[in-house]
Amino acid sequence: MTVRARFAPSPTGLLHIGSARTALFNYLFARHHGGEFLLRIEDTDRERSTEAATHVIIEGLEWLGITPDQLPVFQSTRMARHAEVARQMLASGHAYNCYCTAEELRQMREQALAEGRSPRYDGRWRDRDPAEAPPGVAPAIRLRAPRGGETVVEDLVQATVRVANAELDDMIILRSDGTPTYNHSVVVDDHDMGITNVIRGDDHLTNTFRQVQIYQAMGWELPRFAHIPLIHGADGAKLSKRHGAVSVLEFREQGYLPEALCNYLLRLGWGHGDLEVLDRDEAIRLFDLDGVGRAPSRMDYAKLTHLNGIYIRQADDDRLMREVLERLAHRTDLALGSKAAARIRALMPELKQRAKTLVELADAAAFLAHPLPLPMEPKAAAVLTPEARIILREIAGALAKTDFTPASIDAALRDFAATTGRKLGQVAQPLRAALTGSTASPGIDATLAALGKEEALARIEAVT
RNA sequence: GUCCCGUUCGUCUAGAGGCCUAGGACACCAGCCUUUCACGUUGGUAACACGGGUUCGAAUCCCGUACGGGACGCCA
């Protein structure tokens with residue numbers, strides 16, 4: 001049978017990093033098995049669902065390169081079907097009408113908790129004569145769940161998980177206003193969409209027992225389930241804002257490359273020997289559920305950042321150029337003309353060796369676009385001693401005679417250092433300060449060459 | 001409270017009874033490279049939660065304990 005997996009987020013705000021990993025695993029699983037990957041937006045809660053949130057999800061997935069094979073299914077469009085199935089279950093005796101009020105249920109829960117019991121519906125309408133129904137009260141439809149025995153889930157990650165049916169109550173599948181509940185619509189949709197593998201967060205594991213009961217009541221074939229552990233923050237608690245970025249689009253803003261984020265997310269909770277860095281094709285080739293761990297893992301921003309550095313170094317210069325220009329565009333202190341752009345482009349092969357995020361890359365490139373006078377970092381200003389300025393004037397003369405290729409610059413600098421009896425560092429650091437306003441930059445010959453003779457000499461002139 | 005799940009270096013993981021004096025990666029520390037900063041490279045610190053079994057032999061199997069997480073809505 002052809003594999004069909006799906007990612008089914010509810011559009012209630014942002015695309016969480018944990019959800020993104022769930023989506024990635026579903027995508028990789030489907031691709032690995034030559035199957036299909038679908039997207040279903042679970043927007044049945046009209047109070048919380050917004051169109052903007054749906055866009056955030058789609059945009060986030062697109063950025064990560066996790067693209068569904070079909071147009072997304074909106075769960076809200078399928079509510080009539082969900083109700084239809086609920087009524088079928090009513091007709092077949094697998095469900096019944098419950099006339100309890102919200103207040104009645106609240107009391108039931110409180111009393112159970114007070115008595116140290118599990119807060120469950122007591123089944124008071126399960127076998128009651130519908131003729132006793134209070135007038136004017138619209139009933140909710142409840143699943144007539146099996147009372148004895150147990151429900152078993154053969155989970156591809158968690159192995160066999162079982163629970164006594166006595167632990168489960170008769171859950172509502174259709175609300176009194178005729179709308180379906182989550183567990184019900186998920187089952188109906190997964191069945192109707194022909195989903196073969198349900199891969200989702202661990203937090204759904206206990207829902208699965210109830211969902212299995214619906215499959216059984218309808219006589220539908222069960223999909224294979226796989227519950228992957230959640231991602232936690234560095235302190236082991238549920239990942240939230242206070243741990244740092246959690247929204248996928250936030251990572252984009254902070255200068256992470258989608259392939260780095262995917263690589264990191266893949267290795268979080270999944271392993272394949274000693275492999276750390278693997279691209280999309282390799283991930284598809286190697287990914288399977290048996291490599292997924294069972295314990296929750298903690299988000300480690302340092303490791304993500306390290307991976308990001310690797311991907312930035314590998315990235316295409318023109319692509320990085322676009323990213324940097326975009327990030328520098330809002331800076332009013334820069335003069336981002338074609339000359340500046342050309343300088344950045346020229347130095348990009350050097351710059352990208354040193355940046356771990358696109359934000360760092362843009363910052364490191366900014367000096368190339370800065371009009372004179374250059375702002376000086378305190379450390380750089382300290383380098384420009386009176387003696388250093390004298391050296392700079394002499395070097396400027398030597399440099400002016402070269403054709404300004406990195407090789408000729410390097411030769412001129414070395415020659416100057418040798419003939420004046422100085423170390424290269426004594427020559428390079430004042431130059432770096434004058435040229436960049438900083439004490440850290442790419443190699444001085446490449447920096448000079450990228451700046452061009454005219455600009456470079458002007459910058460030296462400006463400080464001497 | 002009840003039910004379900006989990007537990008290998010600080011973190012992510014390798015490990016399917018002997019290959020483990022437990023391997024890799026990030027982070028950290030020290031050295032090398034070097035015109036700065038990175039990169040790279042060499043080395044180092046650092047873990048099988050605890051207690052019982054089973055076995056000739058257990059990180060690996062079983063049972064408890066502790067700790068952690070998840071779920072218990074007419075939310076999804």
Side-chain angles (χ1 to χ4, degrees), chain A residues 8-12 42-45 47-49 75 98 100-102 105-106 109 112-121 138-142 153 155 158-159 161-164 167-169 171-177 179-183 185-186 201-209 227 229-230 232 234 236-238 264 267-277 291 293-307 309-310 313 350-351 353-356 364 379 383 410 413-414 417 423-429 431-433 436 438-445:
Chain A
S10 49
T12 51
E42 312 226 311
D43 57 347
T44 49
D45 183 348
E47 296 284 302
R48 295 201 292 162
S49 304
Q75 196 161 53
C98 170
C100 285
T101 61
L105 293 171
R106 193 184 60 77
R109 258 192 300 277
L113 245 18
E115 292 170 14
R117 290 181 291 115
S118 188
R120 282 190 289 259
Y121 175 67
I141 298 180
R142 283 185 187 271
V153 175
D155 195 280
Q158 307 289 343
V161 186
R162 52 185 73 221
V163 71
E167 297 293 333
L168 272 20
D169 63 2
M171 67 162 167
I172 290 173
I173 55 176
L174 201 70
R175 298 186 189 102
S176 49
D177 67 359
T179 60
T181 57
Y182 169 75
N183 280 308
S185 30
V186 163
D202 214 356
D203 49 339
H204 289 288
L205 185 56
T206 45
N207 281 328
T208 309
F209 298 119
H227 289 90
L230 270 20
H232 289 160
K238 205 166 184 171
Y264 175 73
R267 282 288 291 101
L268 196 59
W270 176 87
H272 188 89
D274 287 341
L275 265 183
E276 296 286 348
V277 181
R294 271 133 306 220
S297 37
R298 302 183 184 202
M299 183 74 195
D300 182 358
Y301 295 89
K303 188 154 184 175
L304 200 214
T305 303
H306 172 260
L307 268 173
I310 292 175
R313 271 173 258 143
E350 289 288 323
L351 289 168
Q353 304 295 328
R354 295 162 169 79
K356 289 200 158 64
K379 275 187 186 173
V383 169
D410 183 64
L413 257 28
R414 284 181 192 283
K423 287 186 174 177
L424 212 43
Q426 292 174 283
V427 179
Q429 272 314 77
L431 261 179
R432 195 179 319 275
T436 71
S438 166
T439 52
S441 83
I444 202 66
D445 44 352

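Remark: the Thr436(A) side chain and the Arg432(A) side chain contain no N/O donor-acceptor pair separated by less than 3.5 Å. Side chain to side chain, Asn183(A) and Thr181(A) fail the donor-acceptor criterion of an N or O pair below 3.5 Å.
Once rounded to the nearest 0.5 Å, the distance linking OG1 of Thr206(A) with CD of Glu167(A) reads 12.0 Å. The line from CZ of Arg267(A) to CD of Glu276(A) is 4.0 Å long, rounded to the nearest 0.5 Å. Rounded to the nearest 0.5 Å, atoms NZ (Lys356(A)) and CD1 (Ile310(A)) are 9.5 Å apart. Here CZ of Arg298(A) is found 8.5 Å from NE2 of His232(A). Values are rounded to the nearest 0.5 Å. Between the CD atom of Gln158(A) and the CG atom of Asp202(A) there is a distance of 4.5 Å, given to the nearest 0.5 Å. Separating the CD atom in Gln75(A) from the OH atom in Tyr182(A) is a distance of 8.0 Å, to the nearest 0.5 Å.
No side-chain heavy atom of Thr179(A) sits under 4.5 Å from any side-chain heavy atom of Thr44(A). The shortest distance between side-chain heavy atoms of Met299(A) and Leu304(A) falls below 4.5 Å.
With a cut-off of 3.5 Å on both pairing distances, C20(B) has no Watson-Crick or G-U wobble partner at all. A59(B) is unpaired under the Watson-Crick or G-U wobble criterion, no partner having all donor-acceptor distances under 3.5 Å. In this entry A76(B) has no Watson-Crick or G-U wobble partner, no candidate having both defining distances under 3.5 Å. Pair assignment for A66(B): U7(B), on the basis of Watson-Crick or G-U wobble contacts that are both within less than 3.5 Å. Nucleotide A71(B) is matched to U2(B) when pairs are restricted to Watson-Crick or G-U wobble geometry with both distances under 3.5 angstrom. The pairing partner recorded for A30(B) is U42(B), the criterion being a Watson-Crick or G-U wobble arrangement whose two distances lie under 3.5 angstrom.
Across the C1' atoms, C9(B) and C72(B) are found 36 Å apart, a figure rounded to whole Å. Between the C1' atoms of G44(B) and A27(B), the separation comes to 14 Å (whole Å). The same atom, P, is picked in G40(B) and in A49(B); the two are 32 Å apart, to the nearest Å. Between C4(B) and C74(B), the distance separating the two C1' atoms is 24 Å to the nearest Å. Spacing between A14(B) and C28(B) at atom P, rounded to whole Å, works out to 24 Å. Here, A47(B) and U21(B) have their C1' atoms 15 Å apart, quoted to the whole Å. One P atom belongs to G31(B), the other to C37(B), and the distance between them is 13 Å to the nearest Å. Nucleotides A22(B) and U45(B) are separated by 11 Å at their P atoms, to the nearest Å.
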Its contact letters, B for base, S for sugar-phosphate only and - for none at protein heavy atoms under 4.0 Å, make nucleotides 63-76 of chain B read ------SBSBSBBB
Expected string for nucleotides 14-21 of chain B under the B/S/- scheme (protein heavy atoms, under 4.0 Å, primed atoms plus P, OP1, OP2 as sugar-phosphate) is S-------
In B/S/- notation (B base, S sugar-phosphate only, - none; protein heavy atoms under 4.0 Å), nucleotides 28-42 of chain B written 5' to 3' is -------BBBSSS--
- Task: Evaluate side-chain contact (heavy atoms from CB on, under 4.5 Å) for Tyr264(A) paired with His306(A), printing each intermediate quantity in order.
- Result: CA-CA 10 Å; Tyr264(A) 175 73; His306(A) 172 260; over 6 Å; no
Would Ile172(A) and Tyr121(A) count as a side-chain contact (heavy atoms from CB on, under 4.5 Å) here? Give the steps.
CA-CA 10 Å; Ile172(A) 290 173; Tyr121(A) 175 67; over 6 Å; no
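Across all their heavy atoms, Ala417(A) and Leu424(A) have their closest contact at CB-CD1, 4.0 Å.
The distance from atom NZ of Lys303(A) to atom P of U13(B) is 9 Å, rounded to the nearest whole Å. Atom CZ in Phe209(A) sits about 8 Å away from atom P in C4(B), given to the nearest Å. In this structure, Glu276(A) places its CD atom 16 Å from P of U11(B), rounding to the nearest Å.
Across all strands shown, Arg294(A) has heavy atoms under 4.0 Å from sugar-phosphate atoms exclusively, and none from any base. Looking at heavy-atom distances under 4.0 Å, Glu167(A) makes contact with sugar-phosphate atoms alone, never a base.
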